[in-house]
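In this text the structure is predicted, and so the values were computed from the model without any measurement. Letters A, B, ... mirror the listed sequences (proteins, then strands); counts begin at 1.
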Protein chains: 2
Amino acid sequence: MSETKEKIVSLADKLIRVKGFNAFSYKDISDPLQVKNAAIHYHFPTKSDLGMEVLDKELRSLEENSAKWKKLPEDEQLIKFCGVFRKHCNNGNVCLMGSLAPDYETLSPEMQQKVQQMAATILEWMTGCLEQGRKHKRFRFKGDAGDRALLVISNLQSSLLLSRVLGPSAFNRISRQLLEDLGA
Amino acid sequence: MSETKEKIVSLADKLIRVKGFNAFSYKDISDPLQVKNAAIHYHFPTKSDLGMEVLDKELRSLEENSAKWKKLPEDEQLIKFCGVFRKHCNNGNVCLMGSLAPDYETLSPEMQQKVQQMAATILEWMTGCLEQGRKHKRFRFKGDAGDRALLVISNLQSSLLLSRVLGPSAFNRISRQLLEDLGA
DNA sequence: AAAGTTACTTACTTAGTAGTAAGTAAACAA
DNA sequence: TTGTTTACTTACTACTAAGTAAGTAACTTT
């Protein structure tokens, strides 16, 4: 992958997280990288293709992280996961799901499918983490682990959105309660 | 207010909730209402003016509801509040905060301020509801009521976003746990 | 009856948007 | 050394966006 191509993808990632998929244009990428918009079309024929690459990169990063954390106790895995969100919060980003879910109806069918896949992958990982963590007495919670996983993801996602509006303290207040409620 | 003006506002509300503020255009409003785009500019000179009216309408509806529910027990007030979100979920809508927070950086300063005001208003109401509800033994939860209010709002907001991607069961799974966790 | 006001339409401008076709310079392969 | 591929640029198209100026028909006020 060429250097320019990588820069395009990571700038697109940032733009999706800061302005939203429909609010950024090729100019927002070509200007700072000092290339022409046709250079972006060379690497990604359509905007959807670019969006797909951003999503694929996120999915790869997810797999990478979960593999890296596999041996850690489940409560520490969850803290690492929260750490990713904390970092995004500090950078003024929202998560990809938080940015793309509101725009879902305007996305290409292939992007919609990929967003679904990403949601399923995150939910699967979180469910396993909570389930194993409860078995190993590192978490305390009632009910189905899948349901609880949905709640945790929902909170992390919203904490970034609300931090936009209410300031970064929102993230801290939400994530702290989240871990407390799980007895972590 | 003329009939057309009301129709413009409620269609804009719907479009913000379904496609997002930056993804809908005046054509999306003028075509179904069978007027020209200049008719929209007559009532709302700029897109920001239109967005402001949608936000003002939402704030009025919020005040209306909280006044209407004032005499109810707090757990029933919360269930009513969840009911508003359930209805949106069934209509394929997300909430205004969930739609506008990701686009926050692209909004006009006046819209940003109004979104902040809306967030503060909701948070204030929810904090009061939880605080009073705990005092009257209708809710059971630890910690600061304001923090817990943030958590509840965060969950309701995300439940609509995730329902887009994962289907409407996400809303039910999240809202059920929410009420259970409060002992409601 | 005259003058204004309301609620538009007609017709337009300006400034983008994603996307494309053809050309080019440099690196690489046969 | 020739041919091919890579990674672009130049220069463009077709379209859509928000926004505006001027005109008009109907209703309201004086």
Checking dA18(C), dA11(C), dA7(C) against the side chain of His41(A) (C-beta onward), the nearest is dA18(C)
Regarding the side chain of Asn37(A), the nearest nucleotide among dT20(C), dT17(C), dC8(D) is dT20(C)
What I want to check is whether the side chains of Asn37(A) and Ser30(A) have a donor and an acceptor closer together than 3.5 Å. no
| message | Any donor-acceptor pair under 3.5 Å linking the side-chain atoms of Ser10(A) with those of Asp13(A)? | response | no
Describe the nucleic acid contact of [X] in one word from base, sugar-phosphate, nothing, applying a heavy-atom distance below 4.0 Å.
| X | value |
| --- | --- |
| Tyr42(A) | base |
| Phe24(B) | sugar-phosphate |
| Lys27(A) | sugar-phosphate |
| Lys47(B) | sugar-phosphate |

Comparing nearest nucleotides in DNA chain C, the 5'-proximal residue of the pair Tyr26(A), Ala39(B) is Ala39(B)
By nearest-heavy-atom nucleotide on DNA chain C, the more 5' of Ala38(A) and Ala23(A) is Ala23(A)
Between Phe44(A) and Lys5(A), is there a cation-pi geometry (under 6.0 Å to ring centre, at most 45° from the normal)? yes
- Item | cation_pi(Lys36(A), Tyr26(A)) dist<6.0 Å, angle<=45 | no
